[in-house]
Amino acid sequence: MNEPLDLKDVTISSDPSLLDTAAILRFLHDSYWANKRSRSKILDSLKGSVLL
């Protein structure tokens with residue numbers, strides 16, 4: 001089971017280099033709505049995301 005999220009550990013930024021891709025992949029793999037998406041599809045979608 002995962003530990004609860006501590007907001008002291010959260011950084012909000014528009015810098016894509018700060019993304020924790022391992023955590024994003026783990027979160028999506030554990031979700032019911034994205035658990036069948038491939039790693040490459042998720043990474044491609046991150047590259048194509050628009051940051052405001």
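Treat the numbers as computed from the prediction; the structure is a model and nothing was measured.
Rounding to the nearest 0.5 Å places CG of D44 at 10.5 Å from CZ of R39. Considering NZ of K36 and NZ of K41, their distance stands at 13.0 Å, rounded to 0.5 Å.
Heavy-atom minimum distance, A34 versus S31: N-OG, 3.1 Å.
The closest side-chain donor-acceptor pair between S17 and D15 falls under 3.5 angstrom. Between the side chains of S40 and S38, at least one donor N or O lies within less than 3.5 Å of an accepting N or O.
The side-chain heavy atoms of I42 and L25, taken from C-beta on, include a pair separated by under 4.5 Å. Side chains of D30 and N35 form no contact here, defined as non-hydrogen atoms less than 4.5 Å apart.
When hydrophobic clusters are built by joining Ile, Leu, Val, Met, Phe, Trp and Tyr residues whose side-chain heavy atoms come closer than 4.5 Å, directly or via intermediates, Y32 is grouped together with L28. Both L43 and W33 are part of a single hydrophobic cluster, where members link through side-chain heavy atoms under 4.5 Å apart.
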